[in-house]
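Residue numbers start at 1 and run along the sequence shown. Not measured: the values here are computed from a predicted model.
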Amino acid sequence: NTAGKLRGHVCKLVTSSTMSKILPQLRVAVVGATGMVGRTMLKVLEKRGFPVGTLIPVASARSVGKHVEFAGEHVEVVDLDTALSLKPHVALFSAGGALSLEWAPKFAAAGITVVDNSSAWRMSDDHKLVVPEVNGEVVEAEDLILANPNCTTMQLVMCLKPIHDKWGIERGVVSTYQSVTGTGQAAVDQLNGERAGLDPARVYPHAIDQNCLPHCDEFMDNGYTKEEMKVHRETKKILGDPSIGLSCTAVRVPVFGGHSESVYLELASDVSLDDVRAAWSAFPGVVVQDAPKDNEYPMPRHAQGEDEVFVGRLRRDLTHPRGIHFWVVADNLRKGAATNTVQIAEMLVYAGRWG
């Protein structure tokens, strides 16, 4: 069945550079192609050799008629109506939740598979929330709108999955240190402007240069932000276990390379640290960097532009017999957004969705 095929091909996702040479060429729409994530999607599609026969870059009215560069060519940007009329096989959406809510169903109604990078469908009971290496088997033939998780959740569950499968996670506490790139180009411009001694337009309520803001997304009535609640809720859905108790504090920091996370877990059974490292090392897409005495540990500066999730600083808790701490870093524009979106599409290609 489709689910079995998808799961069987997950390990191929990391090395798919020859895909375009052996599979049917597809019409691929990238919705939000001129944004930070959209531009990264174009790079990832090209780098991974996704079988793009025809690229259909889509953006807002002010960008229609402009061009994006792909595979050495300049491709004209079109609007959503035009993209829909061109009947792409797959549409990769990264243009915000409101647009996805309006347009993804229209594409799906035309038989077009949508992989959506917004928050629009993530917690819908009728839509799958997918990280291919973690839960790719949940995807079924009838799924035409598939959701990409939040970037902070994405890198986290890549490291939680092998632990939960072997030893069980009872509860955890996560503190994130999130790059300004997660907010978009305007946030990058704010940080660069402040560092240049200018007075740029503010995306954040305070200066971000030489500062940390414990404020990612909007605050909710319970005192948590939407970003923090995404980590709490999405982790349960992706791992398929609502009993996992996870709390989060999300912090914006003045870096570009990616998001970092400090993670504390309490496990259901005893574990050795060497076994945890071995489980991570065997898991596709996870790279262990855990030699602190040699100053080797994950950092956003080194994760920038990479597709993997990096983990290290593993140690036991000082007070809980089954408690462990570790540090996770990934480029939020790559595995946290664009790469995972493309990997979902790759799974569908390998499963024969388009012949």
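- The pair Arg252-Glu227 fails the salt-bridge criterion, with no side-chain N (NZ, NE, NH1 or NH2) lying under 4.0 Å from an Asp/Glu carboxylate O.
- Atom CG of Asp199 sits in a sparse spot, with 12 or fewer heavy atoms from other residues, nucleotides or ligands closer than 6.0 Å.
- Hydrophobic clustering (side-chain heavy atoms under 4.5 Å, transitive across Ile, Leu, Val, Met, Phe, Trp, Tyr) keeps Val157 apart from Tyr177.
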Yes or no on side chain to side chain contact (heavy atoms under 4.5 Å, CB included) for Leu99 and Leu80, after CA distance, side-chain angles and deciding distance?
CA-CA 10 Å; Leu99 185 142; Leu80 278 158; 3.7 Å; yes

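- Of all the heavy atoms in Pro298 and Val329, the pair that sits closest is CB-CG2, 3.6 Å.
- Residues Asp143 and Val138 form no side-chain contact, since every pair of their non-hydrogen atoms from C-beta on lies 4.5 Å or further apart.
- Proximity of Phe310 to His302: side-chain heavy atoms (C-beta onward) are nowhere separated by under 4.5 Å.
- A continuous path of hydrophobic side-chain contacts links Val174 to Val131 [ILVMFWY only; heavy atoms under 4.5 Å].
- Using cut-offs of 30° and 60° on the angle between ring planes, the pair Phe326 and Trp280 is perpendicular.
- How far CD1 of Ile344 is from CG of Leu92: 9.5 Å, rounded to the nearest 0.5 Å.
- Val30 and Trp121 are not part of a single hydrophobic cluster, where members link through side-chain heavy atoms under 4.5 Å apart.
- In Arg313, the CZ atom is not crowded: 12 or fewer heavy atoms of neighbouring residues, nucleotides or ligands sit closer than 6.0 Å.
- A perpendicular orientation is assigned to the rings of His89 and Trp354, their planes being inclined by more than 60° (bins at 30° and 60°).
- When each of Glu308, Glu306, Gln343 is paired with Lys335, the side-chain hydrogen bond (donor to acceptor under 3.5 Å, both in side chains) condition holds for Gln343 and for no other.
- When side chains are defined from C-beta on, Cys159 does not count as touching Val263, because their heavy atoms never get closer than 4.5 Å.
- Tyr264 and Leu314 fall into different hydrophobic clusters, where Ile, Leu, Val, Met, Phe, Trp and Tyr side chains are chained together by heavy-atom contacts under 4.5 Å.
- Taken to the nearest 0.5 Å, the CD atom of Gln210 stands 8.5 Å off from the CZ atom of Arg195.
- Atoms CG and CD1, on Leu265 and Ile244 in that order, are 9.0 Å from each other to the nearest 0.5 Å.
- Here the two rings, on Trp103 and Phe93, have centers that are 6.0 Å apart or farther.
- With salt bridges taken as basic N to acidic carboxylate O contacts below 4.0 Å, none links Asp275 and Lys166.
- The backbone N or O of Gln304 lies less than 3.5 Å from no partner atom in the side chain of Arg334, so there is not a single donor-acceptor pair.
- The side-chain contact (heavy atoms from CB on, under 4.5 Å) with Ile112 is formed by just one residue from the set Leu86, Leu84, Val90; it is Leu84.
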Passes side chain to side chain contact (heavy atoms under 4.5 Å, CB included), Asn148 versus Met154? Steps please.
CA-CA 8 Å; Asn148 214 37; Met154 188 103 61; 3.7 Å; yes

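- Each of Asn340, Asn332, Leu333 was checked for a side-chain contact (heavy atoms from CB on, under 4.5 Å) with Cys151, and the lone residue meeting it is Asn332.
- One hydrophobic cluster, built from ILVMFWY side chains closer than 4.5 Å, holds both Val75 and Leu26.
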Criterion side chain to side chain donor-acceptor pair (under 3.5 Å) on Asp116 and Ser118, from CA distance to verdict
CA-CA 6 Å; Asp116 182 55; Ser118 80; 2.6 Å; yes

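- Residue Asn117 holds its CG atom at 12.5 Å from CG of Leu146, rounded to the nearest 0.5 Å.
- At a threshold of 4.5 Å between non-hydrogen side-chain atoms, the residues Pro88 and Val28 do not count as touching.
- Side chains of Leu267 and Ile169 form a contact here, defined as non-hydrogen atoms less than 4.5 Å apart.
- To the nearest 0.5 angstrom, Glu266 atom CD is 4.0 Å from His320 atom NE2.
- With rounding to the nearest 0.5 angstrom, the CZ atom of Arg122 is 5.0 Å from the CG atom of Asn150.
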Carefully, step by step, assess Gln185 and Arg39 under the rule side chain to side chain contact (heavy atoms under 4.5 Å, CB included).
CA-CA 11 Å; Gln185 186 62 50; Arg39 296 197 305 269; 3.6 Å; yes

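- With contacts defined as side-chain heavy-atom distances shorter than 4.5 Å, the pair Asp290/Leu273 does not qualify.
- Looking at Asn211 and His206, their side chains never bring a donor and an acceptor atom within 3.5 Å of each other.
- In this structure, Lys161 and Glu133 have side chains that are not in contact, with every pair of non-hydrogen atoms separated by 4.5 Å or more.
- Counting only heavy atoms from C-beta outward, the side chains of Arg322 and Val271 never approach each other to under 4.5 Å.
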When you look at Ile163 and Ile324, which way does the side chain to side chain contact (heavy atoms under 4.5 Å, CB included) test go after all the steps?
CA-CA 11 Å; Ile163 294 175; Ile324 60 172; 4.2 Å; yes

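- In this structure, Tyr224 places its OH atom where only 12 or fewer heavy-atom neighbours from other residues, nucleotides or ligands lie under 6.0 Å away.
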